Amino acid sequence: MTASLKPILAPRSIALAGVSSRPDSLSIKLLDNLLASGFTGRIYPVNPRASSIRELPCYPSVTAIGAPVDLAVLMVPRDLVIPTVDECLAAGVGGVVVITAGFREGGEEGAALERELVSRLRASGVRMVGPNCMGVINTAPDVRLDATFSPTPALPGPVAFASHSGALGVAVLEAAAEAGLGFSQFVSVGNSADVNVNDVLEYWESDERTRAVMLYLESLDEPRRFLEVASRLTARMPVIALKAGRTAAGQRAASSHTGALAAADTAVDALLAQAGVLRATTLEEMFEVALGAQSCPAPRGRRVAVVTNAGGPAIVAADALATHGLELAPLTAATQAEIRSFLPAEASVADPVDMLPSARPEDYRRALGLVLADEGVDAAVAIAVTPPQGSALEVAEAIASQARGCAKPVVSVFMTAARFYPQAHRIPGMPPVYRYPEGGVRALAALVRHGERRHDRGGEVPVVASPTLDGAVARARWGYLPQAEAFAVLEEIGIPVAPWRPARDLEAAVRAAEELGFPVVLKGEASALVHKSEMGAVQVNLASPAAVRQAGLGMADRLAAAGLQLDGFVVQRLVPGGREVILGVSRDPAVGPLLMVGLGGVAVEVWKDVVFRPVPVTTGEAFGMIEALRGAPLLGEFRGRPAGDVASLAEAAARLGALAAAVPELAECDVNPLFVLDQGRGCVAVDVRLRLAP
């Protein structure tokens with residue numbers, strides 16, 4: 001697959017079909033960019049009405065070139081695209097970029113042309129970027145390709161960028177040049193009719209110059225393939241994605257807690273998280289993280305030292321660190337003593353190190369060097385407000401001297417005049433520069449998350465089987481399984497269920513309670529009953545036969561008043577002392593089955609403290625889901641209560657995910673509540689609803 005993109009991303013010769021000499025045309029801008037970038041190969045303008053353009057000889061057609069052509073860039077009118085592609089195929093062109101618009105994005109007529117275009121290219125094995133794109137860039141010294149119409153050239157660097165939007169690509173290139181962000185390659189995928197983001201990611205896997213990836217996504221092509229490819233890539237480098245449309249209106253109707261919580265953007269968020277992709281919520285955040293990834297080594301932990309000449313920005317940085325789960329590093333007494341030796345008595349030498357406005361560039365150099373040498377420091381933030389002694393550039397050079405070659409990441413914040421920034425970007429070894437502390441801290445926090453994700457992929461996907469579920473699928477028994485069969489499924493895949501008995505009537509329920517031992521929980525069963533507690537169909541802590549009878553009679557009356565026919569009861573031994581958790585499965589039409597872990601039991605839709613991931617997940621990934629819950633500390637030790645058995649919860653979650661991956665007909669499942677008992681006692685399910693669909 002990657003070899004097929006080489007003629008597009010590393011061509012030795014380019015034909016420009018439809019290039020015009022009009023000074024206001026995009027095509028002449030593209031040719032000028034090729035020339036200005038110093039493209040190392042041959043350029044063949046194709047225009048039957050011109051003999052030369054920019055002193056390059058023109059050819060009436062691609063076939064008239066008479067020399068090997070790796071890449072053809074098409075800028076002809078839409079109706080001429082397919083005839084021109086036929087020429088390219090006849091001439092043996094290796095790859096095609098179609099800048100021309102008016103295809104799928106323009107209606108059914110354009111969509112039909114796009115399908116025909118793709119059909120012809122795929123029949124010949126030639127790959128295409130586009131249509132409706134702005135082109136491709138490769139800044140490698142042996143290529144120097146800028147086949148775009150961007151008014152701003154890309155700075156060379158280690159970040160690869162793919163975008164569904166050509167216009168946004170132009171804006172990003174302009175902003176990147178101002179911020180000092182450099183690119184290895186850029187691909188405007190346009191309509192992704194052939195080459196999509198997944199293809200480009202695979203190509204970047206083997207690109208030695210690429211150390212980080214930026215993505216602007218408007219859709220997810222082949223979501224499962226994206227998960228596979230992006231997961232491999234994030235094991236080696238940060239991938240930062242801005243996915244548009246996260247607030248799209250509408251929510252799939254569903255009858256379970258899990259389905260109700262799986263809103264439109266949930267599957268995308270889960271997929272990106274599972275792949276280890278850092279999701280940015282704004283363009284600014286995407287830039288911030290990419291700037292950090294461009295030059296910072298991976299942090300080894302969350303302890304950060306702040307060195308500054310201004311107390312206010314240091315406090316802002318400390319707040320930002322806490323907000324993003326980082327912490328101020330506890331500097332050793334020796335480090336503090338060394339810093340104290342050259343700073344005024346009024347300076348603060350604990351973290352943050354506030355050197356006061358009188359700090360000189362040399363003070364920055366010495367203080368930053370000392371905190372970076374401290375074993376208790378994993379990263380550093382250097383903040384400078386325009387210094388009264390020395391210039392901001394001299395401070396930047398001092399910071400760069402310590403950051404250069406250091407194994408710990410450093411980010412710098414300069415709150416100073418605008419003219420400083422382009423000059424700072426030219427300082428050798430300069431760490432990423434941010435205008436405000438929050439931006440630098442956000443980038444550092446993202447890099448920490450990436451580093452932790454790389455080392456948190458342990459465990460295995462459990463192997464599970466459920467003869468009960470297989471039998472129901474074989475007999476096409478669509479809809480909700482009876483409670484007895486749903487409980488059997490959990491037990492077959494290794495999720496413990498609290499002891500229970502079915503009961504056809506109230507007297508059978510009393511006998512079942514006596515067999516199980518009091519106290520018990522009584523649940524009413526009705527075919528149209530979804531959320532039992534809302535209908536008063538669950539009564540807990542029943543300690544005698546009389547209590548069971550009274551609860552059952554009241555339950556029957558309430559269900560009858562609601563127009564529901566009571567089918568029987570389930571009696572279950574009361575499980576005391578557990579923390580309520582929900583496990584669930586829902587099915588996204590694009591991504592497929594999603595596993596959910598959450599806190600809250602019956603109130604889960606109020607708290608909405610849930611995490612989704614595509615299945616299957618390893619036990620290590622299930623642990624990560626639990627840790628991502630806002631209420632995760634509730635599962636730990638607090639107020640004298642022992643920690644919950646989180647290991648058994650992770651195992652149960654991974655087992656349910658493995659079942660969903662193995663049985664595509666499992667449409668929805670709620671294990672709710674599942675009680676997490678004290679450490680060493682496991683977890684136990686007390687209710688489950690499981691629905692099958694073809």
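Please read these numbers as outputs of a predicted model, since none were measured by experiment.
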### Task
Could I get the full list of side-chain contact (heavy atoms from CB on, under 4.5 Å) partners for S391, not counting sequence neighbours?
L393, E394
### Task
Kindly indicate whether the side chain of D199, heavy atoms from C-beta on, has any atom under 4.5 Å from the side chain of L5.
yes
### Query
Which residue pairs pass the side chain to side chain donor-acceptor pair (under 3.5 Å) test with at least one member in residues 60-76, sequence neighbours excluded?
R12-D70, S61-T63
### Task
List in chain and number order the residues that pass salt bridge (Lys or Arg N to Asp or Glu O under 4.0 Å) with R442, two or more places apart in sequence or in another chain; answer none if no residue qualifies.
E288
### Query
Is a side-chain donor-acceptor pair under 3.5 Å present for S20 with S27?
no
### Query
Side chains of V381 and V413: closer than 4.5 Å at any heavy-atom pair?
yes
### Task
May I ask you to decide if P68's main-chain N or O and S13's side chain share a donor-acceptor pair within less than 3.5 Å?
yes
### Message
Could you check whether any side-chain N or O of D194 sits under 3.5 Å from a backbone N or O of V129, counting only pairs where one atom can act as donor and the other as acceptor?
### Response
no
### Task
Name all pairs fulfilling the salt bridge (charged side-chain N to carboxylate O under 4.0 Å, His left out) condition that reach into residues 415-441, sequence neighbours left out, sorted by first residue then second.
E178-R435
#### Entry: D207: salt bridge (Lys or Arg N to Asp or Glu O under 4.0 Å) partners, not counting sequence neighbours
none
### Message
Once salt bridge (charged side-chain N to carboxylate O under 4.0 Å, His left out) is applied, what residue pairs with a partner in residues 91-109 remain, sequence neighbours excluded?
### Response
R78-E109, R104-E114, E108-R115
### Task
Give a yes or no on whether the backbone of F414 and the side-chain of Y421 come within a donor-acceptor separation of less than 3.5 Å.
yes
Pairs under 3.5 angstrom only: tabulate donor-acceptor contacts from the side chains of residues 152-161 to other protein residues two or more places apart or in another chain.
none

### Task
Any pair with a residue in residues 44-68 that passes salt bridge (charged side-chain N to carboxylate O under 4.0 Å, His left out), sequence neighbours left out, goes on the list, sorted by first then second residue, please.
D32-R54
### Query
What pairs meet the ring-ring contact (aromatic ring centres under 6.0 Å, His included) rule with one or both residues in residues 80-132, with sequence neighbours excluded?
none
### Query
Between S188 and M134, is there a donor-acceptor pair closer than 3.5 Å when you use the side chain of the first and the backbone of the second?
yes
### Task
Name all pairs fulfilling the salt bridge (charged side-chain N to carboxylate O under 4.0 Å, His left out) condition that reach into residues 214-224, sequence neighbours left out, sorted by first residue then second.
E222-R225
### Task
Under the side chain to side chain donor-acceptor pair (under 3.5 Å) rule, collect the residues that match up with R365, sequence neighbours excluded.
E362
### Query
Any donor-acceptor pair under 3.5 Å linking the side chain of R122 with the backbone of S119?
no
#### Entry: Donor-acceptor under 3.5 Å (N33 side chain, D146 main chain)
no
### Query
Can you list every ring-ring contact (aromatic ring centres under 6.0 Å, His included) pair that touches residues 206-231, not counting sequence neighbours?
none
